[in-house]
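Have a look at the structure below, then the notes.
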Amino acid sequence: MTPRPTSSGSQPEQPADQRSTEPPAPARKKAAVKKTGAKKVPAKKTAAAAKATVKKAATEKSTVRKAAKKAAEKTAAKGAGKGAAGSAGKAGKAGKAGKAAPAGKGPAGRQAVRDTTAPAPVPPVPPVPPEMDLEIAVSPALDAADRERLLNGTHHAPHSLLGAHPVPGGVVFRAFRPYARAVSVVSGGLTVELHDDGDGFFSGLLPLREVPAYRLLVTYEGTVQETEDAYRFLPTLGELDLHLIGEGRHEELWTVLGAHPMTHQGVTGTRFSVWAPNARGVRVAGSFNFWDGTGFPMRSLGATGVWELFVPGIGEGELYKFEITRPDGSKTLRADPLARRTEVPPATSSVITSSAYEWGDAEWLERRAGVPAHRAPFSVYEVHLPSWRPGLTYRRLADQLPSYVKDLGFTHVELMPVAEHPFGGSWGYQVTGFYAPTARLGTPDDFRYLVDALHRAGIGVIMDWVPAHFPRDEWALAEFDGRPLYEHEDPLRAAHPDWGTLEFDFGRREVRNFLVANALYWCEEFHIDGLRVDAVASMLYLDYSREPGQWTPNEHGGRENLDAVAFLQEMNATLYRRVPGVVTIAEESTAWDGVTRATHHEGPSGFGGLGFGLKWNMGWMHDSLQYMSHEPVHRRYHHGEMTFSMVYAYSENYVLPISHDEVVHGKGSLVSKMPGDWWQQRANLRAYLAFMWAHPGKQLLFMGQEFAQGAEWSEVHGPDWWLLDPHYGAEADHRGVRDLVRDLNTVYGHTPALWQGDTDPSGFRWVTGDAAEDNVFAFLRYDSDGSPLLAVSHFAPVVRQDYRIGVPEDVPAWHEAVNTDAGRYGGSDVTTPDPVKPEPRGWHGLPASVRLTLPPLATVWLRPA
């Protein structure tokens, strides 16, 4: 961090006759003065360059001359050392300037050179000698080394050279404006042209006691622009922000890094900041400077690795990137890792943005924190936004998606990754813009509008989040500043073996901070209700998809990625602490112990829990679909595939997912996985869905499967909505399945037995789990008051009359709540419309029983009448 001197010219513009010659109060932190290395030039050599403007200065600035004369007389009376110290002392008393530098240190008439990386006391500014001729304008040009570093984009502290700085003899002004014909300083009606030093550098020394409020008048070929000087401003990041960034604990990282339109020291503009600790220099290039960052070098803020620049006069809608000089001297143009808006792919620039959205979901946010997700109804409709109805923007989706999901009775939607990604075929799982909603569908505020609309319709929003890896695009995160930064420095740890991407270095605190803050960003800035974390298994294991010799054990000799474990624990703990009612969901396909256990509870493996709220039950999904794919005559040999899930059902808080991964890339749609003819396929699907909705755990269904789409999903054209066109001959078959899904969700939402005890073993009891010869499964679900629901699934294509099922004795009668064979769903309409009374005959270990007619390939739910 390079603080600026108190007299940095940051005070508001004011007329020349009203500006005080005393240091401003309160005084600011001071920068060390850079020795100019310039020497006086004979007047004859300088008069030609500055005569006109300096004569005007001599005429219009008589007050400055008088003040200089008085100061000189006062100095002669009291001693030059005492007078200079006294002037600096006033600045010290005004703020944090500290003690004035003692007089007489260093060569007379010259300021000692200080380390510009640390704060230093304000140097004493000698009074202007009365004999100084204002027509003699010395051009304190930069030395060759500084010029070269600025030209090459490798200077760490451009603000210490450019801008306005008090020096012995007055105030030196320096500007770096490539392609400019001339640059003048404008202050309070006075215009002084700076000397052209070549290569875009301009400078001048004015006999002023302090830095005035000023602007620059820049002349280009064919145009003249009056503008603020970007190098007269103090840093926009505070010491606390930099400390938290350095510690990897800045939970609102998106508020300090990236591009932020703001008003700074009374001037509107945009603050740019980026973390690039290995860079030799960083410059900003964009649409506002014709993509030439030469004249926009950023300053390094100390050891944090953060570079910063406030550019006045630019705002929302401008495109930008960071031009980074790598350690080897080569240059790379990079998109902003914390850009909150991007161009529409395949364009890759970042876009300056700010939000003015006014939310209308306060009631929803207050209500969602009332009951934790694992004890509440949680039925999820998974959506790929770009293909749900191709061509719709966020705002047009807001007109259709909430009403559709609400009509079907789902409690939540899960959006496949929304963060910006360059390749649509990745479905969003190869992210380059972790802080930006994809621009394909609109602006960030348009996405806020969609979330708000879903909330106002009573629908929660889960978002797929991808912290495991990122693509290698040369304009994005890979070797961002010339060396491995976001990825692990060990190539074996960095390269993801399955997807050709790079894995994050979870052991680096700044990278963890980037990801933890990103999780918070989506939940706090976009009101997302939960994150489904993708590919958790690939994060947890060092040997994931790696052969022996391709991975290195951890410090204990094990295969666990301890850094990833720590990151996931920190992410979950931070998110649950800051966002009331949020839920995190792990896509984790192994038997890792304690995925949904609290982080402070240690398990048998010695690890604390990962802290997730829910976990996808990949085992149930695989086993149950395997069972359903068999012909009914063979299912007796695979009966255990449907019952095995209850062996571990309460080891975690589970979601039962039929996700996009199961209906793409040759796997076929859900209905096409079912055996038999078209009637049997639909019957199997309906029976399976009702079995799934009754099974302990929450449920998730991918779009298009709710109406038995026959083709597998394609991100190009999305669901086959034409199947629901009334003019299509088989429309009733598809509408029947969708009507069943609606009724399952409706009954589910009004039946606490189906969701209240999803994570409590007392909420479930097998009635018969071993009727393999009959292809029958029957179980009871209980709510917290003990009220039951009886679910019976029959996966054989025959009708079974008077099939006896054991039931509790305290229920006087049962009636059908759902029968998937009903005619309105496309079934054979083998139903039992009248209540069924139990008989006092024990069966299946229960004291009473009922005799049911089991429809073919159907599931029946019965509730107390």
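Side-chain atoms are counted along with the backbone in the values below, which use heavy atoms only and exclude waters and symmetry mates. Computed from a predicted structure; not experimentally measured.
- In this structure, Y214 has its ring center under 6.0 Å from that of F173.
- D481 places a side-chain N or O within donor-acceptor distance of the main-chain N or O of N278, the cut-off being under 3.5 Å.
- When N513, T255, D241 are each tested for a side chain to side chain donor-acceptor pair (under 3.5 Å) with H250, only one passes: D241.
- Under the side-chain contact (heavy atoms from CB on, under 4.5 Å) criterion, D445 pairs with S355, Y357, T443, R448, sequence neighbours left out.
- The list of salt bridge (charged side-chain N to carboxylate O under 4.0 Å, His left out) pairs with a residue in residues 329-351, not counting sequence neighbours, is empty.
- Remark: the backbone N or O of G163 is not paired with any side-chain donor or acceptor of H165 at under 3.5 angstrom.
- Between I245 and E510, the shortest heavy-atom contact is O-CG, 4.0 Å.
- The ring pair (Phe, Tyr, Trp, His ring centres under 6.0 Å) search around Y486 returns W275, F514, not counting sequence neighbours.
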Please list, one pair per line, the donor and acceptor atoms closer than 3.5 Å that link side chains of residues 306-315 to other protein atoms, with sequence neighbours excluded.
unit_1	atom_1	unit_2	atom_2	d
W307	NE1	A276	O	3.0
E308	OE1	R299	NE	2.8
E308	OE1	R299	NH2	3.4
E308	OE2	T236	N	3.0
E308	OE2	T236	OG1	2.7

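- Residue pairs meeting the salt bridge (charged side-chain N to carboxylate O under 4.0 Å, His left out) criterion with at least one member in residues 248-263, sequence neighbours excluded, are R249-E570, E251-R577, E251-R578, E252-R578.
- With F201 as the partner, the side-chain contact (heavy atoms from CB on, under 4.5 Å) test is satisfied by one option alone out of D196, V183, L151: L151.
- Taking the six-membered ring for Trp and the full ring otherwise, the centers of Y179 and Y220 sit at least 6.0 Å from each other.
- The salt bridge (charged side-chain N to carboxylate O under 4.0 Å, His left out) analysis of residues 179-191, with sequence neighbours excluded, yields the pairs R181-E221.
- With sequence neighbours excluded, no residue satisfies salt bridge (Lys or Arg N to Asp or Glu O under 4.0 Å) with E318.
- The salt bridge (charged side-chain N to carboxylate O under 4.0 Å, His left out) pairs that include a residue from residues 273-288 are R283-E323, where partners are two or more places apart or lie in different chains.
- Side chain of E487 to main chain of A478: no donor-acceptor pair is present (N/O by atom type, distance under 3.5 Å, no hydrogens or angles).
- Taking E489 as the reference, P484 meet the side-chain contact (heavy atoms from CB on, under 4.5 Å) condition, with sequence neighbours excluded.
- For the residue pair L477 and F434, the shortest heavy atom distance occurs at CD1-CE1, 3.9 Å.
- Among all heavy-atom pairs drawn from S349 and W291, the shortest one is OG-CH2, 3.3 Å.
- Within the structure, every pair that satisfies the ring-ring contact (aromatic ring centres under 6.0 Å, His included) test and touches residues 321-356, not counting sequence neighbours, is listed here: Y320-F322.
- Residues satisfying the side-chain contact (heavy atoms from CB on, under 4.5 Å) test with T263, not counting sequence neighbours, are T268.
- For the salt bridge (Lys or Arg N to Asp or Glu O under 4.0 Å) test, residues two or more places apart in sequence or in another chain that qualify with E226 are R215.
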